[in-house]
Amino acid sequence: MFPDLTRDDVFRIETKSLWLRWPRVQDAAAIERLAGDRDVAEMVGVLPIPFPKGGGEHFVFDARKANATGAQVKLAIVDRRKPEMFMGIVGSRILESPDRTGPRASLGYWLGKPHWGNGYATEAAHGLIDAVFSYTDVVDLELSVRVLNAASRRVAEKCGFQFTGSDMWDAPALRSRVPVDRFLLARSTWASLKSWREPKIEIDRRSLIMPVSELEACA
């Protein structure tokens, strides 16, 4: 389970260019627009095709509910200069790992097509990876990437993930199974490779747009 810190909707991760925060109902329209792009949905595999009208609000509700239970951390990717501008999602959830020495989690992300090619997915992944390893006892992170998704593979490699093999993955939105490459990032690898900027966990009791106080609590 994720700690109490991440279960509060004022939880936020700050990176060089981005804020990673809980999704809000104000993001619903942008979620529908960006997730409704078939080029995005086909790469993700779990976003409905076509994305239903009104589905953005359901997406936000489900994400916030899961965040509050500690089962996952699913955060909106937004521009620090324009924190109302939703760009995509980055998230992690705890996996069952009965045969391992500690808990394992998965990593996932998607970015709206207008924001591709700027390094935002890598930056967002770096921020959440740092937070997961800093605030939980997760031993490693899993990531699955569609074989034809070269951009997502580059993100995985830039974050230090190691290729572990290929598999078939259920893609409900595509009503089929699709080939994927699987990657793994061990805590030990993260610790040895870590040269990313430390995330800042900020709590703002008023508004994310107003000045905030910072809690520098990173490992």
Side-chain angles (χ1 to χ4, degrees), residues 1-7 11-21 43-46 66-67 70-77 88-111 116-169 178-202 215-219:
M1 300 291 284
F2 288 98
D4 290 344
L5 177 67
T6 68
R7 301 185 203 185
F11 173 77
R12 184 177 75 196
I13 299 171
E14 177 186 348
T15 68
K16 180 179 179 180
S17 305
L18 307 171
W19 282 351
L20 312 178
R21 57 159 174 78
M43 290 298 103
V44 178
V46 295
N67 284 353
Q72 68 171 27
V73 176
K74 183 175 286 188
L75 303 174
I77 303 170
I89 287 286
V90 62
S92 179
R93 66 182 180 90
I94 301 297
L95 303 172
E96 294 184 4
S97 52
D99 299 324
R100 298 194 59 81
T101 57
R104 172 179 286 190
S106 65
L107 180 75
Y109 46 81
W110 63 266
L111 202 64
W116 289 3
N118 296 302
Y120 294 143
T122 300
E123 186 174 335
H126 278 177
L128 186 55
I129 290 167
D130 279 351
V132 170
F133 281 129
S134 295
Y135 292 103
T136 75
D137 57 355
V138 162
V139 295
D140 47 38
L141 279 166
E142 293 182 354
L143 174 63
S144 294
V145 176
R146 288 197 65 183
V147 170
L148 49 75
N149 193 345
S152 191
R153 173 185 281 273
R154 287 194 295 271
V155 171
E157 292 170 348
K158 289 177 182 178
C159 290
F161 280 85
Q162 304 298 308
F163 175 73
T164 60
S166 299
D167 201 350
M168 297 297 290
W169 180 61
V178 297
V180 296
D181 288 333
R182 294 193 178 276
F183 296 84
L184 189 73
L185 177 61
R187 176 180 286 272
S188 58
T189 302
W190 167 79
S192 64
L193 296 178
K194 188 177 182 311
S195 59
W196 314 322
R197 177 181 179 277
E198 294 284 357
K200 296 180 179 179
I201 308 307
E202 301 185 348
L215 299 178
E216 299 288 351
C218 296

Smallest separation among heavy atoms of [X] and [Y], with atom names:
X      : Y      : value
Asp140 : Ala186 : CB-CA, 3.6 Å
Tyr135 : Leu5   : CE2-CD2, 3.8 Å
Ala156 : Leu143 : CB-CD2, 3.5 Å
Cys159 : Thr122 : SG-O, 4.2 Å
Thr136 : Pro3   : CG2-CD, 4.0 Å
Tyr120 : Ser17  : CE2-CB, 4.3 Å

Any side-chain heavy-atom pair from [X] and [Y] closer than 4.5 angstrom?
X      : Y      : value
Lys74  : Ile89  : yes
Asp137 : Val139 : no
Ile129 : Phe161 : yes
Ser152 : Arg146 : no

Which of these, Ile13, Ile77, Val90, sits in a side-chain contact (heavy atoms from CB on, under 4.5 Å) with Leu18? Ile77
In sequence, state the C-alpha distance, the side-chain angles, and the governing distance for Phe11 and Asn67, and then conclude on side-chain contact (heavy atoms from CB on, under 4.5 Å). CA-CA 10 Å; Phe11 173 77; Asn67 284 353; over 6 Å; no
Salt bridge Glu123-Lys16, side-chain N to carboxylate O under 4.0 Å: no
Quick check with a 6.0 Å cut-off and a 45 degree axis cone: is Arg93 positioned over the face of Phe2's six-membered ring? no
Output the distance between atom [atom1] ([X]) and atom [atom2] ([Y]), rounded to the nearest 0.5 Å.
X      : Y      : atom1 : atom2 : result
Trp110 : Met43  : CH2   : CE    : 14.5 Å
Ile94  : Ser106 : CD1   : OG    : 8.5 Å
Arg153 : Phe163 : CZ    : CZ    : 6.0 Å
Ser144 : Asn149 : OG    : CG    : 12.0 Å

Evaluate the side-chain contact (heavy atoms from CB on, under 4.5 Å) criterion for residues Leu75 and Val73: first the C-alpha distance (whole Å), next the side-chain angles of each, then the deciding distance (0.1 Å), finally the verdict. CA-CA 6 Å; Leu75 303 174; Val73 176; 3.5 Å; yes
Residue pair Leu184, Leu141: steps toward the side-chain contact (heavy atoms from CB on, under 4.5 Å) verdict: CA-CA 6 Å; Leu184 189 73; Leu141 279 166; over 6 Å; no
Using the test side-chain hydrogen bond (donor to acceptor under 3.5 Å, both in side chains), find all partners of Ser92 that sit at least two apart in sequence or belong to another chain. none
Please enumerate all residues that pass side-chain hydrogen bond (donor to acceptor under 3.5 Å, both in side chains) together with Asn118, with sequence neighbours excluded. none
If you apply the rule side-chain contact (heavy atoms from CB on, under 4.5 Å), what do you find for Arg104 with Val138, and how did you get there? CA-CA 5 Å; Arg104 172 179 286 190; Val138 162; 5.6 Å; no
Between Asp130 and Trp190: side-chain donor-acceptor atoms closer than 3.5 Å: yes
Does Thr189 reach the main-chain N or O of Leu185 with its side chain, forming a donor-acceptor pair under 3.5 Å? no
Test Arg182 against Thr164 for side-chain hydrogen bond (donor to acceptor under 3.5 Å, both in side chains), laying out the working first. CA-CA 6 Å; Arg182 294 193 178 276; Thr164 60; over 6 Å; no
